[in-house]
Number of protein chains: 2
Amino acid sequence: MKKSSLEDVAKALGVSKTLVSMVLNGKATQYGISKKTEERVWKMVEEMGFKPNATARKLRTGKSNVLGLIVADISNPFYAKIARSVEDAANKKGYHMLICSSDENPKREADLISILADQHQVDGLIVSSTLDDPQMFDKLTLQKTPFLLLDREFASGLFPSVTVDNRKGAEMLVQHLLDKGVNNIGLITLSPSHLSTLKDRITGYKDALKKNKIELKDALLREVSFENLREDIIKEVDFLLSAPHKVRAIFALNNLVALYALEAIHHKGLKIPQDVALVSFDDIELFRFTSPPITAISQPLEQLGEHAMEMLFGLMNNKDKEGVENGTSTNGHRVVLPVELMVRNSCG
Amino acid sequence: MKKSSLEDVAKALGVSKTLVSMVLNGKATQYGISKKTEERVWKMVEEMGFKPNATARKLRTGKSNVLGLIVADISNPFYAKIARSVEDAANKKGYHMLICSSDENPKREADLISILADQHQVDGLIVSSTLDDPQMFDKLTLQKTPFLLLDREFASGLFPSVTVDNRKGAEMLVQHLLDKGVNNIGLITLSPSHLSTLKDRITGYKDALKKNKIELKDALLREVSFENLREDIIKEVDFLLSAPHKVRAIFALNNLVALYALEAIHHKGLKIPQDVALVSFDDIELFRFTSPPITAISQPLEQLGEHAMEMLFGLMNNKDKEGVENGTSTNGHRVVLPVELMVRNSCG
DNA sequence: TTGAAAGCGCTAACAA
DNA sequence: TTGTTAGCGCTTTCAA
């Protein structure tokens with residue numbers, strides 16, 4: 001059973017492909033096609049089970065109704081939720097998602113961007129980028145591929161982006177610890193350390209200390225590598241909890257770090273929050289179930305997806321309107337969403 | 001900066017499109033193109049940053065290097081892990097994934113299948129199906145769209161599939177409880193109840209009881225609805241733990257059920273495992289962190305993806321070889337992977 | 001060793 | 001109100 005084409009439908013009806021195409025694209029009235037003919041077309045389309053070939057359509061119109069999404073790791077619940085929220089928002093507009101994981105590997109991400117944008121020519125691209133160098137995005141801008149940065153942005157702030165207030169979130173988290181009377185707070189971040197999310201969170205940490213006139217000790221800012229997370233974290237937790245620092249709290253810069261830190265702390269036979277408090281960015285469902293439940297910063301994931309789609313569609317439409325020059329400024333295409341402190345029992 | 005086409009490259013070199021195409025597809029030697037010419041082509045391709053347009057290629061060859069994946073919900077960590085494992089296996093062969101969530105909605109799933117297979121014409125399709133009626137898959141078989149069922153299959157067993165041994169897993173879980181001396185075990189499954197995974201797990205539960213000569217009480221088999229999970233589970237947990245049944249253990253048929261059951265039990269102020277034991281299918285990372293950690297059946301997710309891809313590629317290749325009639329039998333295209341019991345502290 | 005030309009299935013400008 | 005035709009960018013037969 002071969003799939004039927006526009007031509008098959010047209011032949012079966014004894015009309016032209018044009019006619020069928022016009023009806024299918026809802027342009028029957030626009031072209032003044034008689035109601036009767038239109039109905040005949042619809043009936044035959046139904047009968048033959050005809051579905052327009054998206055590939056051919058794309059080749060002709062340049063539109064595929066496919067968008068690309070690149071995240072660090074789709075199996076990380078944080079990105080899985082983001083992906084779902086983006087998927088839902090896209091579906092509402094008739095789009096589907098090509099989803100790829102970069103594993104925080106810049107080379108891989110650059111390849112993926114090129115594959116999605118240049119080869120598959122997605123209609124739009126959403127990237128939670130791990131790149132340090134904005135060159136790939138300059139290229140996308142030049143070749144007018146609509147794209148936006150999700151969750152992470154570049155220092156320049158020149159590209160359209162939807163992010164959350166990482167600085168503020170970190171500040172809230174640290175302030176919460178200070179309010180609880182803990183002020184010797186170790187921080188564990190991870191490489192690649194150029195990520196805006198991580199930098200902003202560190203800034204938030206510093207801001208909170210400064211506001212409370214607490215001395216910043218650089219030795220308490222630890223960095224672990226993404227490739228060697230587990231071992232590194234065990235080491236750093238050990239370092240922070242031992243003399244001379246003996247921190248009373250650990251601020252994990254993302255959910256993965258928090259999880260491994262939690263294990264490391266338990267492994268040392270220490271109690272949370274009695275012996276050490278633990279807070280994390282990236283609230284994930286898991287944190288409600290740990291012992292004790294972990295205080296974390298929750299991000300409005302559904303809104304991230306919705307805003308991202310709205311903005312991307314704006315960019316996709318703008319693309320056609322030639323007059324508008326957008327490339328040197330984000331033209332208001334920059335959204336920062338507020339975050340929420342989820343207080344649980346990991347800080348006493 | 002417009003993207004360059006084959007023609008642009010050809011013109012720049014003063015050769016034909018054919019030549020460039022042949023070189024690009026690694027057929028230079030096959031067609032006896034001179035080394036010198038080949039090199040000139042590669043150089044120009046590099047210089048102009050030319051990337052072949054996958055859409056045009058697809059239209060011509062019928063191959064897009066895109067595969068479809070439909071799961072219930074990509075934000076469910078279980079499916080997120082599966083998706084990642086499938087993505088990795090696909091990438092190794094140069095393929096990328098269009099990923100969609102069906103929300104256990106049969107209508108939605110049928111639509112998605114049609115969109116991916118008929119409109120986008122993916123080269124292959126992997127479905128963790130929520131459908132009761134195999135009709136959609138009969139259609140795919142007829143129109144020779146390579147596909148396979150992942151995680152869930154149909155009673156007929158006629159379609160290619162990669163699943164895990166759900167029956168055995170459930171039996172192991174129940175046997176584990178029995179070994180611990182708990183034999184009054186309530187089971188919570190969920191609708192849609194026709195899913196092979198759920199049915200097989202229930203069979204496993206029954207088999208374990210039978211082998212141990214324990215009477216099966218149908219009243220202990222509870223079903224909650226996917227749409228109203230939380231409330232239903234609270235109700236059923238309540239029912240099972242109260243007189244007259246007063247079960248000593250609850251077997252959650254999947255990870256979502258387990259999570260809500262855990263909350264419900266905690267909410268009632270009961271202790272696990274002292275007051276009631278809890279076990280679950282679908283091991284997720286979260287279960288290691290709950291209090292207490294939950295004993296569960298772990299599935300070989302990476303292997304699921306690998307086997308799925310291997311089988312799908314087999315089907316995709318077979319498709320071309322006309323002689324082979326495969327449609328009435330799975331021709332060995334049916335893999336059932338073993339599962340593992342992860343004993344933790346939720347059973348005493 | 002290379003090129004010309006057809007055609008994948010669709011849309012849209014133009015013609016009738 | 002409907003049809004003819006060109007062409008999106010590529011691969012592939014056939015010819016040279």
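Heavy atoms only: backbone and side chains are in, while hydrogens, waters and symmetry mates are out. Chain letters run A, B, ... following the sequence lines, proteins first and then strands; every chain starts at 1.
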More than 12 non-hydrogen atoms from neighbouring residues, nucleotides or ligands closer than 6.0 Å to CD on Q30(B), yes or no?
-> yes
For K63(B), which residues count as a side-chain hydrogen bond (donor to acceptor under 3.5 Å, both in side chains) partner, sequence neighbours excluded?
-> N65(B), Y95(B)
Using a 4.0 Å heavy-atom cut-off across all strands, classify T55(B) as base, sugar-phosphate, or nothing.
-> nothing
E104(B) and D73(B), any side-chain heavy atoms less than 4.5 Å apart | no
Using the side-chain contact (heavy atoms from CB on, under 4.5 Å) rule, take M309(A) and K92(A) through it: C-alpha gap first, then chi angles, then the decisive distance, then the call.
-> CA-CA 10 Å; M309(A) 271 305 135; K92(A) 278 185 196 144; over 6 Å; no
Span of DNA chain D engaged by chain B, first through last nucleotide within the 4.0 Å heavy-atom cut-off, is dG9(D) to dT13(D)
Per-helix bend value, the helix from dT1(C)-dA16(D) to dA16(C)-dT1(D), C1' rotation axes over five pairs per end, 10° rounding, shows 50°
With sequence neighbours left out, the residues meeting ring-ring contact (aromatic ring centres under 6.0 Å, His included) with Y79(A) are none
Letter by letter from the 5' end, nucleotides 10-16 of chain C scores (B base, S sugar-phosphate only, - none; protein heavy atoms under 4.0 Å) BBBB---
Which residues satisfy the side-chain hydrogen bond (donor to acceptor under 3.5 Å, both in side chains) test with S114(A), sequence neighbours excluded?
-> D118(A)
Return the 5'-most residue of the pair Q121(B), I33(B) with respect to DNA chain C, ranking by each residue's nearest nucleotide.
-> I33(B)
Go through the side-chain N and O atoms of E109(B) and S129(B) and say whether any donor and acceptor fall under 3.5 Å apart.
-> yes
Please walk me through it: do L131(A) and I113(A) pass side-chain contact (heavy atoms from CB on, under 4.5 Å)?
-> CA-CA 11 Å; L131(A) 294 177; I113(A) 292 176; 4.2 Å; yes
Given V335(B), I126(B), V127(B), the one that forms side-chain contact (heavy atoms from CB on, under 4.5 Å) with L148(B) = I126(B)
Roughly how far, to the nearest 0.5 Å, is CZ of F159(B) from OG1 of T141(B)?
-> 5.0 Å
